[in-house]
*Asks:* 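The structure is given below, and queries will be raised subsequently.
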Amino acid sequence: MKWGTLTAAAAALAVTAAPASALVIDSFDTPQRVSDVSATTASEVVAPEALGGYRELSVNNFDSEIEGTSLNVANGELAFSNTAGTTGEGFIVYDGVGNAGLGGLNFNIGPNPFFQFDVVDTDIAGLFIEVSVRDTAGLTATYNEILPSVQDLETQLFLTQFTTESGFDFGSVDALQFYVRSDADSLDGILDEITLQAVPLPGAAFALIGAIGGLGALRLRRKS
């Protein structure tokens with residue numbers, strides 16, 4: 001998903017060390033399914049592996065096709081699907097039981113936190129995505145983008161890329177929503193986990209300095 005471009009230095013830091021900490025948003029272990037038919041277009045289930053312990057799914061098929069759009073959680077994966085020739089939208093919401101809220105979770109888990117999306121498969125052309133976060137004061141932060149092709153797929157979304165209302169606080173999160181909409185027919189996509197992670201910049205920086213030092217020593221040896 002085209003969720004920002006890292007500089008070469010930042011990319012180097014990211015690959016030299018593992019995340020300092022991680023918050024699991026959802027590992028999709030608890031089965032759940034919604035599709036665009038009456039009475040099953042939305043559901044909320046107890047999901048211990050999900051943020052806040054509950055997961056809410058809902059869908060809408062724009063072509064009024066029965067079973068045209070679905071969100072399905074099974075075998076540790078979340079699949080968004082539109083049948084041939086149709087388009088639709090889906091919502092994945094984490095806000096506690098019955099919209100009670102998450103109680104002020106802290107998303108500032110370390111330096112430069114980001115959402116990590118573990119993508120299993122996708123034919124992503126024409127996908128519109130939006131991620132919305134609401135804090136306990138009712139203020140929001142949003143990110144959205146249309147992905148024109150699978151070549152635009154990136155799997156990290158940094159919190160710094162969100163547009164936030166004045167005073168919004170990532171340290172006091174009350175709700176999180178992922179929205180997907182297909183602007184192209186017959187779109188499908190599968191995830192097996194969403195996490196919030198943070199790159200440990202100091203440790204990575206030391207590793208980068210060590211690597212630069214190693215290159216310097218190599219150059220000295222070559223000169224001698």
*Asks:* So, for G171 and N108, which heavy atoms are closest and what is the spacing to 0.1 Å?
*Replies:* N-ND2, 3.3 Å
*Asks:* Taking salt bridge (charged side-chain N to carboxylate O under 4.0 Å, His left out) as the definition, give me every residue that meets it alongside E67, ordered by chain and number, with sequence neighbours left out.
*Replies:* R33
*Asks:* Under a 3.5 Å threshold, yes or no: a donor from one side chain and an acceptor from the other, between T195 and Q116?
*Replies:* no
*Asks:* Flag the pair N72 / F80 as yes when at least one side-chain heavy-atom distance between them is below 4.5 Å, and no otherwise.
*Replies:* no
*Asks:* For residues I146 and Y179: do they belong to one hydrophobic cluster (side chain heavy atoms under 4.5 Å, members Ile, Leu, Val, Met, Phe, Trp, Tyr)?
*Replies:* yes
*Asks:* Any non-hydrogen side-chain atom of Y143 less than 4.5 Å from a side-chain atom of I129?
*Replies:* yes
*Asks:* Shared ILVMFWY cluster between I194 and V24, side chains joined below 4.5 angstrom?
*Replies:* no
*Asks:* Under a 4.5 Å cut-off applied to non-hydrogen side-chain atoms, are S70 and V34 in contact?
*Replies:* no
*Asks:* Could you pull out all residues at least two apart from T142 that satisfy side chain to side chain donor-acceptor pair (under 3.5 Å)?
*Replies:* none
*Asks:* On the 0 to 90° scale, with breaks at 30° and 60°, tag the F162-F115 ring pair as parallel, tilted or perpendicular.
*Replies:* tilted
*Asks:* Do L176 and I25 come close enough that some side-chain heavy atom pair is under 4.5 Å?
*Replies:* yes
*Asks:* Consider only side-chain heavy atoms of I, L, V, M, F, W and Y, link residues closer than 4.5 Å, and tell whether Y54 and V59 are in one cluster.
*Replies:* no
*Asks:* CG/D29 to CZ/R55 distance, rounded to the nearest 0.5 angstrom?
*Replies:* 8.0 Å
*Asks:* Is any side-chain heavy atom of L23 less than 4.5 Å from a side-chain heavy atom of L51?
*Replies:* yes
*Asks:* Under the side chain to side chain donor-acceptor pair (under 3.5 Å) definition, can you give me all pairs with a residue in residues 91-102, not counting sequence neighbours?
*Replies:* D26-Y94
*Asks:* Do the ring planes of F168 and F170 sit parallel (below 30°), tilted (30 to 60°) or perpendicular (above 60°)?
*Replies:* perpendicular
*Asks:* Just wondering, do E145 and F128 contact through their side chains at under 4.5 Å, heavy atoms?
*Replies:* no
*Asks:* Verify, without hydrogens or angle tests, whether E77 (side chain) and F28 (backbone) share a donor-acceptor contact under 3.5 angstrom.
*Replies:* no
*Asks:* Do N61 and T87 make a side-chain contact, defined as non-hydrogen atoms from C-beta onward lying under 4.5 Å apart?
*Replies:* no
*Asks:* Does G88 offer a backbone N or O that forms a donor-acceptor pair with the side chain of N82 under 3.5 Å?
*Replies:* yes
